[in-house]
Number of protein chains: 2
Amino acid sequence: MAVTRAGLKARPKKQRRMSGQERRRQIVRAAMDLFARKGFKGTTTKEIALAAGVNEAMIFRHFPTKGDLYAAIIDYKMDQCCEWISRVHEEAARRKDDRTMFLELARGILAFHEQDGTFMRLLLYSALEGHELNRMFFETQVVEHFEFLADYIAQRVRDGAFRPVNPRVAARAFLGMITHHAQVRELFDPQGRLLNVDSDAAAAELVDIFLAGVARR
Amino acid sequence: MAVTRAGLKARPKKQRRMSGQERRRQIVRAAMDLFARKGFKGTTTKEIALAAGVNEAMIFRHFPTKGDLYAAIIDYKMDQCCEWISRVHEEAARRKDDRTMFLELARGILAFHEQDGTFMRLLLYSALEGHELNRMFFETQVVEHFEFLADYIAQRVRDGAFRPVNPRVAARAFLGMITHHAQVRELFDPQGRLLNVDSDAAAAELVDIFLAGVARR
DNA sequence: CGAAAGATTGTAAGTACTTACTTACTTTGT
DNA sequence: ACAAAGTAAGTAAGTACTTACAATCTTTCG
């Protein structure tokens, strides 16, 4: 067996080694999970390396600093958020089928969070940490989708389909009940001790309360 | 000027020194603010000492470890949460004045968070970090108040004042829209760019949407 | 009343360890 | 032979916490 200059055993022959891209992806995946659970400062590069199955030095072959790795993850994650929302919005704007629109939106939000708990966690950690990318995410995607929803509600008030509510308050109310439910399930009550219904049923009932709340009397 | 054993200048005479209790309170206050902004791992004992205006060693005169200091703060904060809610609940149970009950609850929650942003931050940080005291808080106070609210809504359904909604979903909807609003204001949108109404107006409109949403048709 | 003793508060300096990141080499694949 | 992936060992700085003393305040006693 080969011996290194320090007299220690060299790594024995292994299976085929990874390409740079594969390895990068693996580091990102391990880091994402750790950052989601522990936050930026709560995660060490040693832990990331261990979870990724690489030497710590490898991390710095792909990212200049630990902060760059975190920023790449936040950026990627925040980009994932809203790709599907635009399609739901377009349908709604065309058909003005309120129940379907709000129901699809609610189901989409709940399914998105259910399929990937790291999003909510990274969103909240980066907000608490005051991360610049979180602020950018808010100022672009969050604002855009909130404004679209408020505009839609305003239009439905003008159409006479909704009673004269403040569209921004109504948008806040709707997003609040849906997002809060996802958050409680992810952070406080994963077993659903307080409210144990599947997400489609939850979406249906929350949307029903919302629509009744903004319906013409 | 006196000289220490190391030959350095002794601390010059100062104004009257603090009692142990006063100093402890000051350390706790500084630590609370830092933990709220940066989380447990993101805060160093050096920063806490600097913010409190004491030597780092003083922290360990009052708390065995940094973790003990954090636990004391989380415990104290979570205890503050719900003292006032019981009074609101009692009134409501007696008078069955739904609008006043939900309005007082909503205003109380919003005022509580507006007066003290550290609560929301510590709640979320400790939840993300998986802190045991957060779990205990959830399993006691959160569960208790949620159950009370769900019971109240169930009673009102039986009374015929509310339509046959799932009381737990309705409680989730109500708490969701209120708490989400407080959270967005604290973490994402302190300037109220998306929704700039004062908290009493927000409470009134959110409660109106909620009550309309659960009213008999 | 004042000095001395004791209790309490305060702190400089230190310890043992951890951290993010770098270096210089080794191993593997083309 | 060269490029690329992998790593042991290291560096400089930082961390939570401890130690041993100094300074200040209170109590006791003559």
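Labels below follow one simple rule: chain letters A, B, ... track the order of the sequence lines, proteins then strands, and each chain is numbered from 1. In what follows, every heavy atom counts, from backbone to side chain, and hydrogens, waters and symmetry copies are set aside.
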Any chance the side chains of B:Arg172 and A:His181 put a donor and an acceptor closer than 3.5 Å?
-> yes

C:dT8 base to B:Arg17 side chain: any donor-acceptor pair below 3.5 Å?
-> yes

Integer-rounded Å distance: C:dT9 P and B:Glu22 CD = 10 Å

Can you tell me if A:Arg29 and A:Gln26 form a side-chain donor-acceptor pair at under 3.5 Å?
-> no

Take A:Lys41 and A:Gly53, find for each the nucleotide of DNA chain D with the closest heavy atom, and name the residue whose nucleotide sits nearer the 5' end.
-> A:Gly53

Aromatic contact, B:Tyr125 with B:Phe40 (centres under 6.0 Å) | no

Quick one: sort the B:Phe119 and B:His113 rings into parallel, tilted or perpendicular, breaks at 30° and 60°.
-> tilted

Between A:His62 (NE2) and D:dG6 (C1'), how many Å, whole number?
-> 10 Å

Measure from the side-chain heavy atoms of B:Thr65 and tell me the nearest of D:dT7, D:dC17, C:dG10.
-> D:dC17

Would you kindly give the CD1-to-C1' distance between B:Ile48 and D:dG14, to the nearest whole Å?
-> 15 Å

How close or far is atom C1' of C:dT18 from atom NZ of B:Lys46, stated in whole angstroms?
-> 16 Å

Spacing between A:Met58 atom CE and D:dA8 atom C1', to the nearest angstrom | 15 Å

Where each residue is assigned the nucleotide of DNA chain D containing its nearest heavy atom, which of B:Lys66 and B:Arg61 is assigned the position nearer the 5′ end?
-> B:Lys66

Spacing of B:Leu50 atom CG relative to D:dT15 atom C1', expressed in whole Å = 15 Å

The answer to which of B:Gln21 and B:Ala57 contacts DNA chain C further toward the 5' end, by nearest nucleotide, is B:Gln21

For atom CG of B:Asn55 and atom P of D:dC17, their distance in whole Å = 15 Å

Quick one: B:Tyr70 OH to D:dT15 C1', roughly how many Å, whole number?
-> 18 Å

Say whether, by atom type as modelled, one donor and one acceptor occur between the side chain of A:Lys66 and the main chain of A:Thr43 under 3.5 angstrom.
-> yes

Quick one: is D:dA16 close enough that its OP1 or OP2 comes under 4.0 Å of any side-chain N or O from B:Thr45?
-> yes

So does B:Arg23 reach the base of C:dG10 with its side chain, donor to acceptor, closer than 3.5 Å?
-> no

